[in-house]
Amino acid sequence: MGKELAKAYEPNEVEGRIYDFWTKGNYFHAVADESKTPYTIVIPPPNITSQLHVGHAYDETVQDTLIRWRRMQGYSALWVPGTDHASIATEAKIVEAMSEEGLTKEMIGREAFLERAWEWNAKYGGRIIEQLKLLGSSCDWQRLRFTMDEGCSKAVRHVFVKLYEKGLIYRGERIVNWCPHCGTAISDAEVDFVERDDSFWHIRYPLTDGSGYIELATTRPETMLGDTAVAVHPDDERYKHLVGKTVILPLVNKEIPIVADEYVEMDFGTGVVKITPAHDPNDYEVGKRHALPVINILDEKAVVNENGGKYAGMPALEARKQIVKDLEDGGYLIKTEPIKHNVGTCSRCHSVIEPRVSIQWFVKMEDLAKPANKAVREKEVKFIPERMDKLYFAWMDNVRDWCISRQLWWGHRIPAWYCETCGEIIIAEHDPALCPKCGGEKLHQDEDTLDTWFSSALWPFSTLGWPEETEDFKYFYPTNTLVTAYDIIFFWVARMIFSGIEHTGKAPFDTVMLHGLIRDAEGRKMSKSLGNGIDPVDEINKYGADALRFALVTGNSPGNDMRYREERVEASRNFANKIWNAARFIHMNIDDHDLKCELPEKLFLEDKWVLSRFNSITREVTENLDKFELGIAVQKLHDFIWDDFCDWYIELAKIRMNSEDAESASSARQVLLWTMSNTLKLLHPFMPFISEEIWQSLPHEGEALIIAQWPEYTDSLSFAEDEAKLAAVMELITAVRTRRSEMNVPPSKKAKLFIETTNAEVFTASKEAIMRLAYCSDVEAAASFDSIDESAVTIVTNSCKAYLPMDDLVDKAAETARLTKELESAQKQLDTVEAKLKNDSFVSKAPQNVIEGVRENGEKLKEKIRLINESLAAYK
RNA sequence: GGGGGCAUAGCUCAGCUGGUUAGAGCGUCCGCCUCACACGCGGGAGGUCACUGGUUCGAGCCCAGCUGUCCCCACCA
């Protein structure tokens with residue numbers, strides 16, 4: 001107690017120390033405590049590919065706020081931290097780094113490559129953890145997890161085997177999205193379509209019978225090497241007679257059939273489509289319907305393979321140029337026109353996707369999607385904001401089988417072994433030594449790894465010990481809230497929901513709180529290529545973690561994107577400083593008094609007012625948090641602290657603490673301390689560092705704010721009448737200030753204020769406050785005054801009429817004009833009020849409290865009008 | 001092609017189940033270094049809540065339509 005606080009809040013000095021204090025106190029650690037209710041959040045594990053950006057900072061802030069709030073409410077609040085191995089992204093980064101050394105994956109081999117990957121993880125995964133700590137994240141670090149650690153890997157294998165045995169995982173030859181750059185298959189969700197300007201080549205395919213040719217158009221002429229048919233719409237009169245005939249595939253000189261299929265759109269292009277089942281998903285389907293051969297003409301690097309004849313060995317784009325030239329030379333090219341179309345690209349490296357037929361592993365989605373859909377439809381899992389469930393359904397209702405194998409090394413290797421002796425496929429949780437079928441010893445494991453999302457789909461339960469029935473799992477699962485951005489619903493949220501239901505029988509969380517994306521000040525997405533990303537660590541260094549957190553939450557509502565503006569962080573920093581200085585003020589005034597943080601026996605009007613306000617704020621903030629309305633909660637706290645507590649209560653308390661009345665002074669000190677201390681509790685989830693620091697510095701009960709009990713609304717602190725009384729005084733003070741300001745009267749020029757009111761005792765009791773805050777030399781309140789200097793300025797509020805003799809300063813004409821304006825405004829308001837009350841349907845249909853409110857307002861307005869009229873009469 | 005968001009003060013955004021005179025931050029204007037804070041204090045200006053209808057006693061909020069804008073899904077051979 002009695003600590004010297006710096007004049008301005010210095011977050012850098014405080015944050016590290018406070019975080020250490022929390023860590024030493026082990027406050028972040030949650031245990032399965034049957035006397036408490038669990039509240040669990042698992043972190044969306046950041047990718048180890050890079051450091052955190054402000055989007056993460058926002059995501060973590062929301063989670064930390066919820067966790068800290070629930071912890072203070074007495075829950076056993078667990079926030080499980082961890083990171084994601086991000087197979088394709090990390091592998092790409094490592095390959096890139098190696099290429100600078102002139103190395104490739106193949107050169108160093110799988111084992112050495114994985115060593116590098118683990119090193120990468122140690123370095124960058126560790127950095128992310130440090131960044132989380134700088135933000136103040138109260139994660140249970142004893143439970144730090146990684147998607148490729150032992151436990152998660154075990155869960156992955158368990159799930160793979162289980163799904164395989166149920167027939168929900170299968171291996172098969174399908175057309176998949178192939179990224180030639182990454183050299184792997186990717187899932188539908190990993191393909192981004194981008195609009196591109198391209199050429200539309202019109203080509204003639206001669207009819208075999210020599211009766212002419214059929215014209216078709218394509219954007220990918222090189223794939224003609226793999227054409228196995230030409231398709232037209234069955235109802236297309238132009239081509240009906242040709243169905244069943246054959247054409248000669250130019251350059252390849254092969255005879256292929258003309259088939260009829262409804263997939264073809266008659267009014268697009270020429271209404272004729274070349275069919276390349278191996279390299280186009282739609283063609284693949286057409287091929288299946290017509291039993292067409294599948295000829296793969298591209299290898300894994302998108303180079304034409306041996307099926308491409310003389311074009312073999314050429315990269316696809318080169319082959320395209322050559323083929324166009326050859327078609328032209330051969331007289332097959334009719335024309336080339338420009339076309340805008342969407343091209344699928346790899347969401348990771350942005351290369352153009354080459355659809356390709358290959359053998360991959362898939363998860364059969366139909367049976368998994370059904371119960372997952374039901375869970376959301378029946379609100380077993382609730383989306384915040386609710387409308388976001390539409391995105392979920394849009395995906396789940398049309399979901400296709402999930403391609404889970406990746407031709408990558410960094411990730412969970414598929415637990416499938418092939419017996420070289422008998423060809424048996426062995427799927428097992430533990431590495432098999434022998435072939436169970438033939439006893440053969442020569443087994444080799446599948447080279448492929450799993451899609452990164454296969455392991456993150458299990459994250460809410462694999463991190464709690466599943467598949468073991470651990471204490472943690474039993475106590476903390478299902479988790480409560482999942483906090484993430486809406487752009488990850490398909491990749492992750494949906495997959496966690498169906499996985500949770502399938503494997504644990506329960507949805508993995510009850511609420512999904514979806515927030516928006518943090519964009520730059522111009523509303524653009526933050527990205528490396530634009531260089532507009534913000535490093536939260538820079539912002540923390542500059543303004544403090546609390547300021548960053550507060551800025552990210554303020555004015556933000558669930559599901560909406562937000563622009564990042566540094567001014568907001570600055571404003572939040574200023575707010576932190578404001579609180580800091582309020583605390584300094586309290587210190588200065590209690591240092592010599594051995595105060596306890598408790599309320600005094602006798603409460604004065606101002607005390608009741610601020611306590612009553614605090615009480616309401618407590619209820620409101622709690623309700624807002626319950627509904628995940630963090631932005632609203634934070635706004636209310638801000639306004640209460642700045643306006644009510646600092647601008648009014650502290651100013652009023654100053655008067656009392658300097659007065660002769662020892663009881664009043666003492667009471668003010670107690671209430672200042674109590675209100676500050678308890679307000680810090682409400683503030684703590686949002687601004688954990690400064691709140692803890694100040695709370696510790698003030699007299700307090702208990703060892704730490706982080707585990708202090710969350711305040712609750714109580715009737716014993718509800719003083720509606722006193723609140724109204726002081727509000728009337730405040731209204732007068734503000735009105736006097738306004739008048740003085742309008743007339744440019746400096747604070748030094750004071751005058752006596754006469755208050756004419758039916759509640760004289762209220763104003764008399766607050767005489768000192770009015771004198772000081774409204775800059776008056778004296779204050780007198782009465783029901784009426786016999787003689788008032790007729791040149792006094794008149795100030796009318798809802799509850800009184802005040803005279804301020806300002807002699808020479810008063811311009812009678814101006815005063816009359818101003819009062820007339822006020823009268824008009826009041827009269828207009830009264831008119832609407834009376835119109836309402838005269839309206840029978842309003843009076844009969846509106847709820848009683850609304851009618852009462854209108855009626856009261858009408859009374860106030862009438863009184864105000866009466867007072868203004870009196871004043872106007874006096875001027876005449 | 002299907003779906004969704006947004007449109008409120010000069011700027012960026014809140015506005016919770018419809019209810020008195022629509023709010024904040026920043027900016028701006030006026031006055032203040034008032035013994036916590038100039039990262040501050042006091043006061044002011046500034047809004048036909050995109051537009052058109054409708055429901056209702058009452059609409060920024062609900063419904064329909066419309067304009068602009070952004071996004072998601074499907075996919076254009």
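The sequence lines fix the lettering, A, B, ..., with proteins before strands; numbering per chain opens at 1.
- In this structure, A:A217 and A:F200 approach most closely via the heavy-atom pair CB-CZ, 3.5 Å.
- Across all strands, A:V854 comes closer than 4.0 Å to no nucleic acid atom at all (heavy-atom distances).
- Between the C1' atoms of B:C62 and B:U55, the separation comes to 8 Å (whole Å).
- Comparing the same atom, C1', in B:G40 and in B:U67 gives a spacing of 46 Å after rounding to whole Å.
- A salt bridge does not link A:R563 with A:D520: every distance from a Lys NZ or Arg NE/NH1/NH2 to an Asp or Glu carboxylate oxygen is 4.0 Å or more.
- Look at A:R573 and A:E539 and you find no salt bridge, because none of the NZ, NE, NH1 or NH2 atoms lies under 4.0 Å from a carboxylate O.
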Nucleotide by nucleotide, 5' to 3', does protein get under 4.0 Å of the base (B), only the sugar-phosphate (S), or neither (-) in nucleotides 31-45 of chain B, counting heavy atoms?
-----BBSBSSBSS-
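- Distance check on atom P: B:C49 versus B:G31 gives 34 Å, rounded to whole Å.
- Taking the P atom of each, B:C16 and B:G54 are spaced 25 Å apart, rounded to whole Å.
- Rounded to a whole Å, the CD atom of A:Q848 is 14 Å from the C1' atom of B:G19.
- Under the side chain to side chain donor-acceptor pair (under 3.5 Å) criterion, the residue pairs touching residues 261-276 of chain A are A:T223-A:K274, A:D227-A:K274, A:D227-A:T276, A:D261-A:R289, A:D261-A:H290, A:K274-A:T276, with sequence neighbours excluded.
- For the residue pair A:Q827/A:D831, the side-chain donor-acceptor check at 3.5 Å is satisfied.
- For the pair A:M562 CE and B:C71 P, the interatomic distance rounds to 19 Å; values are reported in whole Å.
- The side chain of A:N282 lies closest to B:C75, out of B:C75, B:C57, B:C26.
- Considering only the side chain of A:V850, B:G19 comes nearest among B:G19, B:A14, B:G25.
- Using a 4.0 Å heavy-atom distance criterion, A:N398 is classed as making no nucleic acid contact.
- In this entry the distance linking CD of A:E195 with C1' of B:C73 reads 16 Å, nearest Å.
- When distances are taken from the side chain of A:F193 to each of B:U20, B:U21, B:C75, the shortest belongs to B:C75.
- Atom name P, nucleotides B:C41 and B:G27: the rounded distance is 13 Å, in whole Å.
- To the nearest whole angstrom, the two C1' atoms, one in B:C61 and one in B:U28, are 30 Å apart.
- Comparing B:A77, B:A14, B:U12 against the side chain of A:Y263 picks out B:A77 as the nearest.
- Using a 4.0 Å cut-off between charged nitrogen and carboxylate oxygen, A:E566 and A:K542 count as a salt-bridge pair.
- At whole-Å resolution of the value, CZ in A:R524 and P in B:C71 are 13 Å apart.
- Between the C1' atom of B:A77 and the CG atom of A:D267 lies a distance of 13 Å, rounded to the nearest Å.
- Under the 4.0 Å criterion applied to side-chain N and carboxylate O atoms, A:D283 and A:K288 are not assigned as salt-bridge partners.
- Remark: the separation of the C1' atoms in B:G53 and B:A14 is 28 Å, to the nearest Å.
- Electrostatic pairing of A:E522 and A:R524 counts as a salt bridge here, judged by a charged N lying under 4.0 Å from a carboxylate O.
- A donor and an acceptor atom, one from each side chain of A:N541 and A:N12, are nowhere located under 3.5 Å apart.
- Between B:U12 and B:U8, the two P atoms lie 9 Å apart (nearest whole Å).
- The residue among A:H638 and A:T554 whose nearest nucleotide of RNA chain B is located toward the 5' end is A:T554.
- As judged by a 4.0 angstrom heavy-atom cut-off over every strand, A:N839 is placed among residues touching the sugar-phosphate backbone only.
- Note on A:Q635: only backbone sugar-phosphate atoms sit closer than 4.0 angstrom, heavy atoms only; bases stay farther off.
- Look at CG on A:N624: it is 11 Å from P on B:C16, rounded to the nearest Å.
- Salt bridge status for A:K860 with A:E863: absent, with no side-chain N to carboxylate O gap under 4.0 Å.
- Set against B:C16, B:G19, B:G3, the side chain of A:K390 has B:G3 as its closest nucleotide.
- Both A:E567 and A:F490 lie close to RNA chain B; mapped to their nearest nucleotides by heavy-atom distance, the more 5′-ward contact belongs to A:E567.
- A straight line from CD of A:E566 to C1' of B:C26 spans 13 Å, rounded to a whole angstrom.
- A salt bridge links A:R739 with A:E742: the closest approach of a Lys/Arg side-chain nitrogen to an acidic carboxylate oxygen falls below 4.0 angstrom.
- Counting any heavy atom pair closer than 4.0 Å across all strands shown, A:A217 reaches a base atom.
- Nearest nucleotide to the A:S557 side chain, out of B:C13, B:G15, B:C75: B:G15.
- The distance between atom CG of A:L514 and atom P of B:C72, rounded to the nearest whole Å, is 15 Å.
- Using a 4.0 Å cut-off between charged side-chain N and carboxylate O, A:E620 and A:K636 make a salt bridge.
- The side chain of A:K627 has B:C16 as its nearest neighbour among B:C16, B:A77, B:U21.
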Taking Watson-Crick and G-U wobble contacts under 3.5 angstrom, with | marking pairs to another strand and [ ] crossing pairs, the secondary structure of RNA chain B is written (((((((..((((.....[...)))).(((((.......)))))......((((..]....)))).)))))))....
